[in-house]
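Before any comments, here is the structure.
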2 protein chains.
Amino acid sequence: MDAALALFSEKGFAATRMDEVAAKAGLSKGALYLYFPDKVALLKTLVQETAGSVIGAAALMMAAHEGPVSPLLPLILGFVAEKLETSNIAAVIKLVLSEGRAHPEIGKAYLENVIGRAFPLMEGLIARGVAGGEFRAVDAGMVVRSFIAPMLLAAFWKSTFEPLGAAPLSVRALAAHHADLIVRALKP
Amino acid sequence: MDAALALFSEKGFAATRMDEVAAKAGLSKGALYLYFPDKVALLKTLVQETAGSVIGAAALMMAAHEGPVSPLLPLILGFVAEKLETSNIAAVIKLVLSEGRAHPEIGKAYLENVIGRAFPLMEGLIARGVAGGEFRAVDAGMVVRSFIAPMLLAAFWKSTFEPLGAAPLSVRALAAHHADLIVRALKP
DNA sequence: TTTTAGTGACTGACTGGTTAGTCATTAAAA
DNA sequence: TTTTAATGACTAACCAGTCAGTCACTAAAA
């Protein structure tokens, strides 16, 4: 699956040959078909296993938190940034956004299980801050999009532009700087 | 080229058949090869023609502006948001980010001509605001990424998730709301 | 101990369907 | 008539998925 992720992210799903995946994994193509019924199943498994792990941890983080919301925002972005830098989740995000429409089952699953869970949780958090007088009256939905968007940019920077020779981006630094901007912008 | 863009964005470059592009354009495949030497040339032309038009207008906007920077920020985001909503540039962005690594010539051209031009211009703008005492002392590079990222999110929302049934996103509203957040966050 | 039987992960040549790009030919315009 | 535009059948290559067979290893039987 690591081999497949690297190749899918580099060349695109359709342009990646099963022979290549097998070779990179140190197997023959036949052996691949002992573990995955077909090519799409490989993609699907890949996305589901990776996506599931992160959302769970982040949800836990938000649910467990009590008291003022402001200190939680840099923690959330820091957590995501760390995942982006130390795992291959950036490649998975690129894969889902790139191939999600061509493989609706995968795209819809991500929309429902990841975005559909994470966005409402974060919106609730922002709304809590507003209700408690900690934040100005803002549109929680819009704030969540503003809040999370730089992590999307970072994912593509790492998986598309850095391999092309672009200057490396410190995702952690961006996360910290951005969280600070948002917290300031939300002050009453 | 409209036909090609729609299909490349929907199914991915490698999975799109030249016959389909031709059919959608109301031509035969042979006729397509009268205008484009091969499939990659079609993709390349597509990206270059679209990308060039927007960066030029935005650069003009920034270069022409004098006086305080704050009022310019919502104008820039509003301009980009309007392009995202009324043209098919969202699909081009998706295409570049998805296929840029597999076709380095395209990816690098975008990195140099679009990102490499737009980012320094915007950084200069932020730096000007800081120098003039209009903004706090911030990292201009980080601010630019925070500033532009929601437009990237919007591009993928429109080209990947809305076709899968996700709730439509008002890019203009997001742009306005986000510009307001950033301007507030930059206040000394 | 040696032989026989069995297992299952793995291989790689093969097939059938698919598709980028070509080109001889036709149709329309000048 | 000549030139330009367009067609669509064709080819050569490619690749997902298959399957008959290999081989290292285990365990029961002799």
Side-chain angles (χ1 to χ4, degrees), chain A residues 1-50 88 91-92 94-110, chain B residues 1-50 88 91-92 94-110:
Chain A
M1 278 174 34
D2 280 351
L5 177 56
L7 288 166
F8 289 167
S9 172
E10 180 185 336
K11 311 160 65 97
F13 175 72
T16 298
R17 312 292 137 228
M18 288 298 266
D19 272 314
E20 294 177 288
V21 176
K24 187 151 193 163
L27 282 175
S28 70
K29 188 163 63 159
L32 229 52
Y33 281 90
L34 295 175
Y35 299 105
F36 302 98
D38 56 33
K39 197 182 175 187
V40 174
L42 177 52
L43 175 62
K44 214 177 287 185
T45 309
L46 197 57
V47 170
Q48 279 164 2
E49 286 205 4
T50 316
N88 43 21
V92 173
K94 172 186 177 173
L95 217 48
V96 170
L97 295 180
S98 302
E99 312 283 354
R101 192 174 168 195
H103 303 276
E105 224 180 312
I106 293 169
K108 280 181 184 167
Y110 191 84
Chain B
M1 279 174 34
D2 279 351
L5 176 56
L7 289 166
F8 289 167
S9 171
E10 181 186 334
K11 310 159 65 96
F13 175 72
T16 299
R17 313 291 138 229
M18 288 298 266
D19 272 315
E20 292 176 289
V21 177
K24 188 151 191 164
L27 282 173
S28 68
K29 187 166 64 161
L32 228 52
Y33 280 90
L34 294 174
Y35 301 104
F36 302 98
D38 56 32
K39 196 182 175 187
V40 174
L42 176 53
L43 174 63
K44 215 177 287 184
T45 310
L46 195 58
V47 170
Q48 278 164 3
E49 285 205 3
T50 315
N88 42 22
V92 174
K94 172 186 176 173
L95 217 48
V96 170
L97 295 180
S98 302
E99 312 283 353
R101 191 173 169 196
H103 303 274
E105 225 180 312
I106 293 170
K108 280 182 185 165
Y110 190 85

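Per chain, numbering begins at 1; letters A, B, ... match sequence-line order.
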Notebook entry, point to check: What are the two closest heavy atoms between Leu5(B) and Ala91(B), and how far apart are they?
Noted result: CD1-CB, 3.7 Å
Protein N or O to nucleotides 20-26 of chain D N or O, pairs below 3.5 Å:
none

Note to self: Could you report the tightest heavy-atom contact between Leu42(A) and Ala4(A), atom names first, then the distance?
What the structure shows: CD2-CB, 3.8 Å
Check: What pairs with Thr45(A) under side-chain contact (heavy atoms from CB on, under 4.5 Å), at least two apart in sequence or on another chain?
Finding: Met1(A), Phe36(A), Glu49(A)
Notebook entry, point to check: For the side chain of Lys94(B) and the backbone of Ser9(B), is there at least one donor-acceptor N/O pair under 3.5 Å apart?
Noted result: yes
Note to self: Does anything in residues 4-20 of chain A come within less than 4.0 Å of DNA chain D? Heavy atoms only, and list the residues if so.
What the structure shows: Thr16(A), Arg17(A), Met18(A)
Next item on the list: Report the residues that fulfil salt bridge (Lys or Arg N to Asp or Glu O under 4.0 Å) with Lys11(A), sequence neighbours left out, ordered by chain and then residue number.
Entry: Glu20(A)
Next item on the list: Describe, as an angle rounded to 10 degrees, how the axis at the first end of the helix from dT1(C)-dA30(D) to dA30(C)-dT1(D) is tilted relative to the axis at the last end, five pairs per end.
Entry: 10°
Pairs: protein N or O with nucleotides 4-11 of chain D N or O, under 3.5 Å:
unit_1, atom_1, unit_2, atom_2, d
dA6(D), OP2, Tyr35(B), OH, 2.2
dT7(D), OP2, Ser28(B), N, 2.7
dT7(D), OP2, Ser28(B), OG, 2.8
dT7(D), O5', Ser28(B), OG, 3.3

Notebook entry, point to check: For DNA chain C, which residues in residues 98-108 of chain A have a heavy atom at a distance below 4.0 Å?
Noted result: none
Check: If only atom types and distance count, is the side chain of Arg101(A) paired as donor or acceptor with the main-chain N or O of Glu99(A) below 3.5 Å?
Finding: no
Notebook entry, point to check: What string of B, S and - do you get for nucleotides 24-30 of chain C 5' to 3' if you count protein non-hydrogen atoms under 4.0 Å?
Noted result: -------
Check: So which heavy atom on Asp38(B) is nearest to which on Tyr33(B), and how close?
Finding: CA-CE2, 4.0 Å
Margin query: Rounding to an integer number of Å, can you tell me how far Asp38(B) CG sits from dT22(C) P?
Written below: 9 Å
Check: Should Leu43(B) and Val47(B) be marked as a side chain to side chain contact (heavy atoms under 4.5 Å, CB included) after you check the CA-CA gap, both sets of side-chain angles, and the distance that decides it?
Finding: CA-CA 6 Å; Leu43(B) 174 63; Val47(B) 170; 4.3 Å; yes
Item checked: Partners meeting side chain to side chain donor-acceptor pair (under 3.5 Å) with Ser98(B) (sequence neighbours left out) -> Ser98(A)
Note to self: Could you report the tightest heavy-atom contact between Ala3(A) and Val21(A), atom names first, then the distance?
What the structure shows: CB-O, 3.9 Å
Checklist line | For Lys29(A), salt bridge (Lys or Arg N to Asp or Glu O under 4.0 Å) partners two or more places apart | finding: Asp19(A)
Next item on the list: Give a yes or no answer on whether the side chain of Thr16(A) reaches the backbone of Leu7(A) with a donor-acceptor pair at less than 3.5 Å.
Entry: yes
Next item on the list: Quick one: pull up CG in Asn88(B) and CG in Leu95(B) and give me the separation to the nearest 0.5 Å.
Entry: 10.5 Å
Item checked: Residues that Phe8(B) engages under ring-ring contact (aromatic ring centres under 6.0 Å, His included), provided they are two or more places apart -> Phe13(B)
Next item on the list: Quick one: list whatever passes side-chain contact (heavy atoms from CB on, under 4.5 Å) with Lys44(B), sequence neighbours left out.
Entry: Val40(B), Gln48(B), Glu105(B), Ile106(B)
